[in-house]
Amino acid sequence: MTPHRFALPDPQTQPEFYADVPMKRLFSWVLDMVLISIISVLILPFTAFTGIFFFPLLILVVGFAYRVVTLANGSATIGMRFFGIEFRTRHGDRFDLGAAFLHTLGYSISLSFFILQIGSIVLMLTSARGQGLTDHVLGSVAINKAARY
């Protein structure tokens with residue numbers, strides 16, 4: 001038996017799903033980066049403080065794991081939960097482990113290239129559903145949790 005799938009909300013007829021989502025994504029990203037940094041600092045003693053020499057790499061690894069785990073277990077990072085948004089797949093389903101991994105991989109790749117990151121930001125600010133580059137590729141969307149269907 002397959003679960004019932006919903007279509008994504010239409011931004012023209014149901015704008016409440018997308019209201020202020022780009023701004024909430026920015027604020028949640030900042031909160032998530034603070035949490036990732038704190039986790040990375042807490043891990044340093046377990047590396048006998050050698051992690052100081054590769055701290056940016058440590059933040060990347062911790063950030064990747066943090067995003068995959070939190071997205072797979074609630075379709076939102078802790079920052080996104082705090083600001084009341086969550087991701088949905090192209091069919092309206094919550095993220096599973098595969099979708100969380102692919103979205104995080106796409107996000108990480110777009111962070112690696114300045115032009116991709118700028119393109120993603122422009123898309124979030126100009127597209128009807130506020131989707132970034134990775135969202136467009138995967139068909140995912142961030143919506144307001146309070147307007148959930």
Side-chain angles (χ1 to χ4, degrees), residues 2-11 17-44 46-47 50-149:
T2 60
H4 188 292
R5 293 189 172 191
F6 299 96
L8 291 176
D10 186 304
F17 282 97
Y18 305 102
D20 302 321
V21 168
M23 178 189 64
K24 291 178 179 181
R25 285 181 80 164
L26 173 64
F27 292 150
S28 65
W29 180 83
V30 170
L31 179 56
D32 288 330
M33 287 308 299
V34 168
L35 293 173
I36 290 165
S37 297
I38 290 169
I39 293 167
S40 297
V41 167
L42 292 173
I43 289 173
L44 278 179
F46 298 102
T47 67
T50 59
I52 292 171
F53 299 110
F54 55 89
F55 196 68
L57 179 62
L58 181 63
I59 285 183
L60 286 173
V61 171
V62 169
F64 194 93
Y66 168 88
R67 289 179 198 290
V68 169
V69 169
T70 57
L71 287 174
N73 291 312
S75 210
T77 64
I78 293 170
M80 292 172 75
R81 291 173 196 165
F82 185 80
F83 288 100
I85 57 176
E86 65 184 3
F87 278 118
R88 293 298 177 117
T89 66
R90 72 177 67 245
H91 302 291
D93 299 325
R94 296 175 69 127
F95 276 15
D96 59 9
L97 181 60
F101 178 81
L102 289 174
H103 197 278
T104 302
L105 181 63
Y107 163 78
S108 299
I109 290 169
S110 70
L111 274 183
S112 301
F113 299 95
F114 182 72
I115 191 71
L116 293 180
Q117 186 59 31
I118 294 301
S120 189
I121 291 168
V122 168
L123 284 171
M124 276 187 240
L125 295 174
T126 59
S127 64
R129 288 189 165 108
Q131 295 168 290
L133 184 59
T134 301
D135 298 320
H136 278 282
V137 171
L138 297 177
S140 58
V141 66
I143 61 170
N144 282 309
K145 204 170 182 180
R148 198 174 0 180
Y149 50 117

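Note: hydrogens, waters and symmetry copies are ignored here, and every other heavy atom, side chains too, is used.
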To the nearest 0.5 Å, how far apart are [atom1] in [X] and [atom2] in [Y]?
| X | Y | atom1 | atom2 | result |
| --- | --- | --- | --- | --- |
| Leu116 | Leu133 | CG | CG | 6.0 Å |
| Ser140 | Leu8 | OG | CG | 9.0 Å |
| Ser110 | Ile118 | OG | CD1 | 10.5 Å |
| Leu111 | Leu60 | CG | CG | 8.5 Å |
| Thr104 | Ile109 | OG1 | CD1 | 11.0 Å |

Open item on the list: Please determine whether the number of non-hydrogen atoms from other residues, nucleotides or ligands lying under 6.0 Å from atom CG of Leu42 exceeds 12.
Closed with: yes
Task: Heavy-atom neighbours of Phe113 CZ exceed 12 at 6.0 Å - done: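 Atom CZ in Phe113 is not packed in, count stays at 12 or less.
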Task: Proximity of Phe101 and Phe95 rings by center, below 6.0 Å - done: no
TODO: Using atom types as modelled and distance alone, determine if a side-chain donor or acceptor of Asp93 lies under 3.5 Å from a backbone N or O of Thr89.
DONE: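 Absent.
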Open item on the list: Given 3.5 Å as the limit, does a donor-acceptor pair link the side chain of Tyr18 with the main chain of Pro9, or not?
Closed with: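 Such a contact is found between Tyr18 side chain and Pro9 backbone.
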What is the minimum heavy-atom distance between [X] and [Y], and which atoms define it?
| X | Y | result |
| --- | --- | --- |
| Gly74 | Arg81 | CA-NH2, 3.6 Å |
| Leu125 | Pro22 | CD2-CB, 4.1 Å |
| Ser112 | Ser108 | OG-O, 2.9 Å |
| Met80 | Ser28 | N-CB, 3.4 Å |
| Ile36 | Ile59 | CG2-O, 3.8 Å |
| Leu71 | Ala100 | CB-CB, 3.6 Å |

Open item on the list: Given Asp135, which partner from the list Arg129, Arg88, Arg25, Arg90 fulfils the salt bridge (Lys or Arg N to Asp or Glu O under 4.0 Å) test?
Closed with: Arg25
Side-chain touch [X]/[Y], heavy atoms, less than 4.5 angstrom:
| X | Y | answer |
| --- | --- | --- |
| Val137 | Leu102 | no |
| Phe55 | Val41 | yes |
| Ile143 | Val21 | no |

- [ ] Any chance you could lay out the side chain to side chain contact (heavy atoms under 4.5 Å, CB included) test for Arg67 and Asp32, step after step, and finish with the verdict?
- [x] CA-CA 9 Å; Arg67 289 179 198 290; Asp32 288 330; 4.1 Å; yes
